[in-house]
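Report on one structure; see the data block that follows.
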Amino acid sequence: MKVPFLDFQAPYLELKVELDAAYQRVMASGWYILGKEVEAFETEFAAYCQTKYCIGVGNGLEALHLILQAMGIGAGDEVIVPANTYIASWLAVSQVGATLVPVEPDEKTYNIDPSLIENAITDRTKAIMAVHLYGQPADMDAINEIATRHNLKVIEDAAQGHGARYKNHRVGSLGDAAGFSFYPTKNLGAVGDAGAVTTNNAELADKIRLLRNYGSRVKYENEIQGYNSRLDELQAAFLRVKLAKLDEWNARRGKVAEQYLKTLCENTNLTLPFVPDWAKPVWHLFVVRHPTRYDLEQHLQQNGISTLIHYPIPPHLSAAYKRAVCNFDSFPITELLSKQILSLPIGSHMNDRQIEAITKNLLEYI
Ligand SMILES: *Cc1c(COP(=O)(O)O)cnc(C)c1O
């Protein structure tokens, strides 16, 4: 039996009628950029995230970049970021010219370790970026407490966390602003690039609205030097259809995770994801650890099961950052994780036979 890592066909077929209708509605409207669909999606996604504002932008990286820009963070400022994250979290900080200060993850949650943040703060620190990696919320109370004490902004990279909850509050509502990605593989995915910012700060929301559209509120009146980073009508229309299904699809991912955790829990050399009491994750990825990760990966592949690694090269070891003259210390926990992690297939449309095939083959190996 073959188990692909991702399945785009089944989600499309489940919503085909609604998605096709959304396509026809936008095509017939003759209005393709910043119109009714984007406005409606922004209202609906803000409500979903329990925030006052949502601003649709071009992609997740741009969401983070525009947040930093709107906060006035730039050259000479320092931003604390997780050492263990997807490189986009770092690139956003580099794009505004600020200095990255990476902090190691907690070894159990893989998210930034709040107990190490305070040591990394200097008088140039302006913000802490928290990433809800793999759909597991970061420890936001601890992070916000430190930020308040040092007068720092808190930015959430929520690109993997749509719908996740921290102590009953939705991800995206837990800092000063959050960046979301709707890249097709994310829990809420468009059929191309798309992203959004959520925030409760009216001034920040207004600034980001300007920045995403050439610094312009009224056509041909440019208040500031902006960018072109807009969510388009077609993607917004598709996202509205899928947003209505997000909780149900996240719940189905949760069922797959539950089955993995139940079936695989007896084993010792396979480390399963850890979920703290305060977390309600959305299982963007189901990441296990194993000392001989590549052999395990091969064994599964030989049996038709595709896995991926998120991520094989930590940002500080990537050519992009090694070449830039950055004097990063080593990050032993991040480096060890990158050598041992393996992402098992997880999705809203997996069936029991697929899950059984995966767990059976895993148990055979470990
Ligand atoms: C996907 C992702 C991004 C970037 O999103 P894009 O839409 O691809 O630009 C940023 N951060 C994290 C953690 C991501 O997973």
Side-chain angles (χ1 to χ4, degrees), residues 5-6 8 41 45 54-69 79-96 100 102-103 105 109-112 127-138 140 143 154-164 171-172 174-175 177-198 208 211-212 227-232 235-236 238-239 242 250 253 281-287 308-316 318 320-321 334 337-338 341 343 346-347:
F5 188 77
L6 288 165
F8 290 113
F41 174 73
F45 196 61
C54 167
I55 306 99
V57 298
N59 55 63
L61 175 58
E62 277 296 291
L64 297 171
H65 167 218
L66 296 185
I67 290 169
L68 289 157
Q69 184 90 27
V79 178
I80 291 173
V81 294
N84 187 47
T85 183
Y86 180 56
I87 197 167
S89 320
W90 283 39
L91 290 172
V93 175
S94 301
Q95 278 181 4
V96 295
L100 291 155
V103 167
T109 67
Y110 312 149
N111 274 321
I112 194 166
I128 304 170
M129 186 182 292
V131 182
H132 308 299
L133 201 65
Y134 308 149
Q136 308 274 352
M140 294 308 293
I143 292 166
V154 173
I155 300 157
E156 297 175 77
D157 178 343
Q160 302 188 357
H162 321 73
V171 149
L174 302 164
F180 283 89
S181 164
F182 307 117
Y183 184 74
T185 63
K186 311 286 180 175
N187 288 35
L188 178 60
V191 292
D193 279 311
V197 174
T198 54
I208 290 166
L211 285 172
R212 76 166 170 189
Y227 301 85
N228 175 0
S229 179
R230 301 174 296 220
L231 172 61
D232 56 66
Q235 297 301 346
F238 292 144
L239 287 168
K242 293 175 101 177
N250 277 343
R253 283 173 183 270
V282 287
W283 301 105
H284 173 60
L285 295 167
F286 192 94
V287 177
L308 289 175
I309 295 162
H310 299 90
Y311 298 88
I313 305 170
H316 71 282
S318 69
Y321 281 102
T334 300
L337 288 175
S338 74
I341 50 174
S343 306
I346 192 161

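All values below come from the heavy atoms of this structure, side chains included, with hydrogens, waters and symmetry mates left out. Atoms within a ligand are numbered from 1 in the order they appear, just like the ligands themselves.
Nearest heavy-atom pair across Tyr321 and Leu100 is CE2-CD1, 3.4 Å. The heavy-atom pair separating Leu64 from Ala92 by the smallest distance is CB-CB, 3.5 Å.
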Short N or O separations between ligand 1 and the protein, below 3.5 Å:
unit_1	atom_1	unit_2	atom_2	d
ligand 1	5 (O)	Ser181	OG	3.2
ligand 1	7 (O)	Gly60	N	2.8
ligand 1	7 (O)	Ser181	OG	2.6
ligand 1	9 (O)	Gly60	N	3.3
ligand 1	9 (O)	Leu61	N	2.9
ligand 1	11 (N)	Asp157	OD1	3.2
ligand 1	11 (N)	Asp157	OD2	2.7
ligand 1	15 (O)	Gln160	NE2	2.8
ligand 1	15 (O)	Lys186	NZ	2.6

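His65 and Tyr227 have perpendicular rings, their planes meeting at more than 60° on a 0 to 90° scale where under 30° would count as parallel.
Ring centers of Phe41 and Phe182: under 6.0 Å apart, within the cut-off. Aromatic rings from Phe45 and Phe180 are positioned such that their centres are separated by under 6.0 Å.
Side-chain contact of Ser343 with Tyr134: a donor-acceptor pair under 3.5 Å is absent, judged by distance alone.
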